[in-house]
Number of protein chains: 4
Amino acid sequence: MKIGFIGLGKMGYNMVRRLVLDKHEVVVFNRDKSKIDEIAKKGAIPSYSVEELVSKLPQRKVVWLMVPSGKPVDENLDVLLSLLQKDDIVIDGGNSFWRDSQKRAEKSAEKGIHFLDCGTSGGVWGLKNGYCLMYGGEKQAADFVEPIFRSLAPENGYVYCGQSGTGHLVKMVHNGIEYGMMQAYAEGFEILKKSPYNINLTKVADAWQYGSVVRSWLLELTVNAFKEDPDLEKLEDYVQDSGEGRWTVQTAMDFEVPAHVITASLYTRFQSRQEESFAMKVLAALRNQFGGHAVKTKE
Amino acid sequence: MKIGFIGLGKMGYNMVRRLVLDKHEVVVFNRDKSKIDEIAKKGAIPSYSVEELVSKLPQRKVVWLMVPSGKPVDENLDVLLSLLQKDDIVIDGGNSFWRDSQKRAEKSAEKGIHFLDCGTSGGVWGLKNGYCLMYGGEKQAADFVEPIFRSLAPENGYVYCGQSGTGHLVKMVHNGIEYGMMQAYAEGFEILKKSPYNINLTKVADAWQYGSVVRSWLLELTVNAFKEDPDLEKLEDYVQDSGEGRWTVQTAMDFEVPAHVITASLYTRFQSRQEESFAMKVLAALRNQFGGHAVKTKE
Amino acid sequence: MKIGFIGLGKMGYNMVRRLVLDKHEVVVFNRDKSKIDEIAKKGAIPSYSVEELVSKLPQRKVVWLMVPSGKPVDENLDVLLSLLQKDDIVIDGGNSFWRDSQKRAEKSAEKGIHFLDCGTSGGVWGLKNGYCLMYGGEKQAADFVEPIFRSLAPENGYVYCGQSGTGHLVKMVHNGIEYGMMQAYAEGFEILKKSPYNINLTKVADAWQYGSVVRSWLLELTVNAFKEDPDLEKLEDYVQDSGEGRWTVQTAMDFEVPAHVITASLYTRFQSRQEESFAMKVLAALRNQFGGHAVKTKE
Amino acid sequence: MKIGFIGLGKMGYNMVRRLVLDKHEVVVFNRDKSKIDEIAKKGAIPSYSVEELVSKLPQRKVVWLMVPSGKPVDENLDVLLSLLQKDDIVIDGGNSFWRDSQKRAEKSAEKGIHFLDCGTSGGVWGLKNGYCLMYGGEKQAADFVEPIFRSLAPENGYVYCGQSGTGHLVKMVHNGIEYGMMQAYAEGFEILKKSPYNINLTKVADAWQYGSVVRSWLLELTVNAFKEDPDLEKLEDYVQDSGEGRWTVQTAMDFEVPAHVITASLYTRFQSRQEESFAMKVLAALRNQFGGHAVKTKE
């Protein structure tokens, strides 16, 4: 089918390629013009404004948004709502907070426009493997777009989650789980690394891929990483977090779920980025106060 | 090759079957006689005492122990050390604490006997899929037994981890990671379950298997579980822990690794088994004391 | 000085009494009329509407709000903003989220009215011991009200924290710390309780009050609680949480502080209120799937 | 009364002084001779070997051990057991693991000698304020030594906890609680510190001492620390842990207590001492693998 696609970043660019390879007509727009021209050579239909993009779509227009969460989504949505008509469909395929998506769906519904929230997982491997898609919103609108979902996802890899917001809710939880799994592996490998036995982590991780309980795609990637740099010597111990981890904690609190592991996994990332911990200085100060324990002082 | 195998429990029984299917001669012994007779019908060679078992093995005898950790391992090992000869090999394939295995290897070495510690992962699926094996001890002894490891494991699914103790250390950490991964999924699904949107967990978990970052064998099992009982209505929220989780925490402390996630995963299991939490009663009492906050009292 | 006071709940009632005892003139209003009449007998000046309350105050009117956080604060503030004049002062002495207080201060400032946010600690003991007060907002407005702060607090027990919002921010963090401290005691006493040695917790807690590192007011209250009910047999292990714990976690995330302990303390309270944990059922299901481990099923 | 005292470290030295000030006769021994001579000038009776020390004691000899936990305790105890007689009393006042104390009591009992385990809290402030003492072992032996406990402790500040091991168990839990309380304060102050409002922590901590729920001795020390160095600029964020935190976690596992907060408090100390976290490098590597997320690499 023919759709519009706004946002040609790391994720969006490859998603458009996958759609084009599967014979969809994709009218693209991106803030940075060079990406438009580049992907046009690979079969996408270029447009140089949202207006132009919308004008090139057939009736019951469908536009996929793949831009950073927050303001960029709102700004693009506002423009689209001014250009689209009743029954048209906007899909936010990015990592938006699900409560924001619910508000955007309400706002769109006031004009009779359908807003679908779609979580997209797969990272840089999506072009080859397909993207796992979880989406929410009005069922009939979601069904209309199904050919797009089918092409983007691997077989069986897309799921309608329910009413507006559930797509991004499911994706957010997916990322929360991802935080916990990654931290579990990380702690395990640190224990092995700190053992005095010089254990070959690459070989261990590799063997675990066959028949063990902890085999997973993340473990496969761990093996790749160890093969490239067995002691991870080239890397800093500095880890970013994106919004989903924090939103998961916030949602866990809203639903009163004791999310010990997901939260701790978020906090270790905070710690990884701290040059100095004031909390730890307070501890050092207190130990010095009550016990006369030596503290490390800066000369 | 021809080996002895002591212990025909849930794990041991299937391991012997897998070995027999792969043309090894396996002399078996088990505390419960009926299991011996049962597996004898499937091609194993029965023996009704450790003495008989040892007597039926050829020179450079190899005995695989697959009994509960702790005392059963020590008792069997003591008998074996009194029967075996220099250069013979004992393999502890169970879930022993790796520091115990190091002591057992030392004790065995005093008689010139090689003690290998082998972690075995795969559970009830091992018969079909193979068992992931991680083993430590003297390399030449381990190499001698390789045909057995090769038959038990799936292709590439066995790894020599290094000196004595490293096999069980690696397996222990494997299980620690398993605790963390399971808890991550569990928290995530609880958040979805407690959302007011009636999300179909089976469908979500199923879709995540295709192209998502969190796909794994444990997720596959989650899908199976949800398919059998979508709301897990038939289950109690009561979770056992075996020794490995606790040993991982202990080892993390020994190596000074901040194992936040693995430890929290162990603690939630403790909580799941508490009928009443004294800690929570202390909190309730304190809130009542300072704030006059209502408490729930037992009538 | 003469001030208005709205809200005669558990906290407010005693605060008014403390003010009256210290010779302030306090015009009170409360949703429930009976409390007004009751406290009028103890020296407060009754009023039966916010309008009446405001009309009874002298120029540069000061009104203290002591109502539940959220909507009650907004509703009362809206009425007050319609009745008060430039340079008048409203103090929110309740447990509001500090970001809400900042918005309320902005809204008040549009009419030239000063909004102070004041955290109030002390619980049911405040009447006797005084309330620890932490307040934020415009310094000159805060200074104008100082006689009130001085009377409510014990000597040295009030602090101007800075610009709008900081009073409630400091109070929120205070409560977050309180969560962590309470949980630390609770865990400790549970360990002692579960030891097989029949340790007398009342005596231990009591002795700790003299010379130990962990002596505190909370410990004093623990002793009181143990003296009333040594095994806390009359209490359920069910613990409420108010907004501050969750806001502290949210703020910790905003400021990227790894608040492991405060967050875990909030989560144990969630757990204390769960009749059944879906997360733990997922764990039980998984253990059954991969290990054939027995599960507790409901008959 | 007259007792022997071995160990004149930071704790022991002041304890002896407190005993001498309270008119006890204290025969002292220490590895470092200079401390013996120094305290002899303050009224202690010097001895330059354990033998000499024992020889200077009257019948029903009592010796207080105040040496580092582990080997030093065992070595001194062995010497004492060879010198003492039936019904004599040894008190281990240091921070020993309570299970070790139980073994030492058994060993001592074989010779009819009473071994008491006494936890001692109070740090460098004990000389002035008294030491909180928690002790276990045979009741009649403990009663015999009560004059010593009474002099060392502030009024009401000593408690007989029960059978052998309970003194050190109670002290261990005391320290576990201390870890959790300290971490709670530390997290709270870090949140305030990282707020953009330039909050004066010294003033806040000081006000909290009067009427707030979180007032405590540790908070008093925090105020002291902030007064000396308001931003703790002179300190490194590097925090030691002694054995008690780890033993508390171990004991919590033995008793199946979900000690979330105490354990997390231990782990943050581990983190404070890590120059580089391998776990965080694993996370960074994984994020790079699946998402192409930028990583910080070392040049």
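Per chain, numbering begins at 1; letters A, B, ... match sequence-line order.
- Chain D forms the most heavy-atom pairs under 4.5 Å with one residue out of C:Gly119, C:Ala207, C:Gly165, and that residue is C:Ala207.
- With a 4.5 Å cut-off on non-hydrogen atoms, D:Ala153 does not touch chain C at all.
- Interface summary for chain C: among D:Arg215, D:Glu178, D:Glu256, D:His260, the most heavy-atom pairs under 4.5 angstrom belong to D:Arg215.
- How far CD1 of C:Ile262 is from CD1 of C:Ile177: 6.0 Å, rounded to the nearest 0.5 Å.
- With respect to chain C, the highest number of heavy-atom pairs below 4.5 Å among D:Ser212, D:Gly180, D:Gly188 belongs to D:Ser212.
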Quiz prompt | Intermediate values then yes/no, salt bridge (Lys or Arg N to Asp or Glu O under 4.0 Å), D:Arg273 and D:Asp241 | solution = CA-CA 10 Å; D:Arg273 303 197 303 259; D:Asp241 74 288; 2.9 Å; yes

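- Remark: side-chain polar atoms of C:Tyr131 are not paired, donor with acceptor, to backbone N or O of C:Gly157 under 3.5 angstrom.
- Among D:Gln183, D:Met181, D:Lys171, the residue making the largest number of heavy-atom pairs under 4.5 Å with chain C is D:Met181.
- Of the atoms belonging to C:Met134, it is side-chain heavy atoms, and not backbone ones, that fall under 4.5 Å from chain D.
- The greatest number of non-hydrogen atom pairs below 4.5 Å with chain C, out of D:Val213, D:Ile199, D:Asn175, is found for D:Val213.
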Practice problem: Please report the C-alpha distance between C:Phe189 and C:Trp208 in whole Å, then the side-chain angles of each, then the deciding distance to 0.1 Å, and finally whether the ring pair (Phe, Tyr, Trp, His ring centres under 6.0 Å) criterion is met. | Solution: CA-CA 12 Å; C:Phe189 284 114; C:Trp208 281 351; 5.5 Å; yes

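- Side-chain atoms of D:Ser151 come within 3.5 Å of backbone atoms of D:Pro147 as a donor-acceptor pair (strictly under, hydrogens ignored).
- Between the side chain of D:Tyr185 and the backbone N or O of D:Val214, at least one donor-acceptor pair lies under 3.5 Å.
- Within the 3.5 Å criterion, the main-chain N or O of C:Gly211 finds no donor-acceptor partner in the side chain of D:Asn129.
- Looking only at distances, a side-chain donor or acceptor of D:Thr120 sits under 3.5 Å from a matching main-chain atom of D:Gly93.
- When heavy atoms are compared at a cutoff of 4.5 Å, D:Phe255 approaches chain C by way of both its backbone and its side chain.
- For D:Gln163, the part sitting under 4.5 Å from any heavy atom of chain C is the side chain, from C-beta outward, and nothing else.
- Side-chain atoms of C:Asn14 do not come within 3.5 Å of backbone N or O of C:Leu127 as any donor-acceptor pair.
- Of the residues considered (D:Val204, D:Leu221, D:Asn198), D:Val204 shows the highest number of contacts with chain C, using heavy-atom pairs under 4.5 Å.
- For the pairing with D:Trp98, the side chain to side chain donor-acceptor pair (under 3.5 Å) check across D:Thr251, D:Asp117, D:Thr166 returns one residue only, D:Thr251.
- With chain C as the partner, the residue from D:Tyr179, D:Tyr210, D:Tyr267 showing the most heavy-atom pairs under 4.5 Å is D:Tyr210.
- Of the atoms belonging to C:Thr248, heavy atoms from both backbone and side chain fall under 4.5 Å from chain D.
- Between chain D and the options C:Gly122, C:Ala252, C:Ser265, C:Ala259, heavy-atom pairs under 4.5 Å are most frequent for C:Ala259.
- Heavy-atom distances place the backbone of D:Glu155, and not its side chain, under 4.5 Å from chain C.
- Contacts between C:Glu190 and chain D at a heavy-atom distance below 4.5 Å involve backbone atoms as well as side-chain atoms.
- Counting heavy-atom pairs under 4.5 Å between each of C:Val159, C:Thr263, C:Asp206, C:Thr268 and chain D puts C:Val159 at the top.
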